[in-house]
Amino acid sequence: MNISTDQKRRLEEAARLAHRHSYSPYSRFPVGAAVLTTSGAIFSGCNVENASLGLTQCAERNAVAQAISQGERRILAIAVYTPTARPTPPCGACRQVLAEFSCDAIVLCVCDGDDRLETTLHDLLPDAFAANHTADGEES
Ligand code: THU
């Protein structure tokens, strides 16, 4: 599904703002993310690190959790901002979590440089593992 230029602009702005709250003393790599849901609302999140490192939560998954916690179930698009010269695409774990709540979300990755990446979740994670696969397993 397509979203408007204005929705993209607002999503990008929310992701840029969200990175300011990043808790990333270990990597010093602050990330902001924002998701647009079918209701038209935008939910944002930042990465939250932990001294254990392994318990670090990515910005994308925190944005998804915000949306789902408010009763949303469908994500149309996500913007990710990193303060880098090149855009940074979501990690594999975040792609899988996004796939749970999206048919084929638009993924916008923006940074401090002019470069931007606009793609889809399907292109980033083709043949995603989903609930229908476990249902098939039960039938056989
Ligand atoms: N990070 C994200 O927030 N999103 C990604 O898709 C990749 C990585 C965070 C996790 C960690 O806090 C820092 O970036 C360095 O990996």
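Whatever order the structure lists them in is the order used to number ligands and atoms, beginning at 1.
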| Under 4.0 Å from atom 12 (O) of ligand 1, is there any protein heavy atom? | yes
| request: Taking only heavy atoms of E49 into account, list the atoms of ligand 1 that are under 4.0 Å away from them. | output: 11 (C), 12 (O), 13 (C)
| note | Closest non-hydrogen atoms of Q96 and F129, given as atom of the first, atom of the second and distance, are NE2-O, 2.9 Å
| Mind checking whether C58 has an N or O less than 3.5 Å away from an N or O of ligand 1? | no
| task | Do me a favour and list the nearest non-hydrogen protein atom to atom 6 (O) of ligand 1 with residue, atom name and distance? | result | E60 OE2, 2.7 Å
| message | Does atom CG (D114) have a neighbourhood of more than 12 heavy atoms from anything else shown, all under 6.0 Å? | response | no
| query | Within a reach of under 6.0 Å around CG of D6, are more than 12 heavy atoms found that belong to other residues, nucleotides or ligands? | reply | yes
| request: Report the C-alpha distance between F29 and T88 in whole Å, list the side-chain angles of each, state the deciding distance to 0.1 Å, and finish with yes or no for side-chain contact (heavy atoms from CB on, under 4.5 Å). | output: CA-CA 11 Å; F29 189 68; T88 308; 4.0 Å; yes
| message | For the backbone of P87 and the side chain of R116, can you confirm whether one donor and one acceptor N or O come within less than 3.5 Å of each other? | response | no
| query | Taking the side chain from D115 and the backbone from R86, do they hold a donor-acceptor pair closer than 3.5 Å? | reply | no
| query | How far apart are the C-alpha atoms of Y23 and N50, what are their side-chain angles, what is the distance that settles it, and do they pass the side chain to side chain donor-acceptor pair (under 3.5 Å) test? | reply | CA-CA 9 Å; Y23 177 73; N50 187 272; over 6 Å; no
| Is the shortest N/O to N/O distance between A59 and ligand 1 below 3.5 Å? | yes
| task | Please indicate whether any nitrogen or oxygen in T56 is less than 3.5 Å from any nitrogen or oxygen in ligand 1. | result | no
| query | Which residue supplies the protein heavy atom nearest to atom 14 (O) of ligand 1, what is that atom called, and how far is it? | reply | F29 CD2, 3.3 Å
| query | Any nitrogen or oxygen of Q57, main chain or side chain, under 3.5 Å from a nitrogen or oxygen of ligand 1? | reply | no
| request: Please identify which atoms of ligand 1 are closer than 4.0 Å to at least one heavy atom of P90. | output: 6 (O)
| request: Report the nearest protein non-hydrogen atom to atom 9 (C) of ligand 1: residue, atom name, distance rounded to 0.1 Å. | output: N47 ND2, 3.5 Å
| said: Using side-chain heavy atoms (C-beta onward) and a distance below 4.5 Å, is V110 in contact with E118? | reply: no
| query | So, does S24 sit close enough to ligand 1 that a heavy atom of it is under 4.0 Å from the ligand? | reply | no
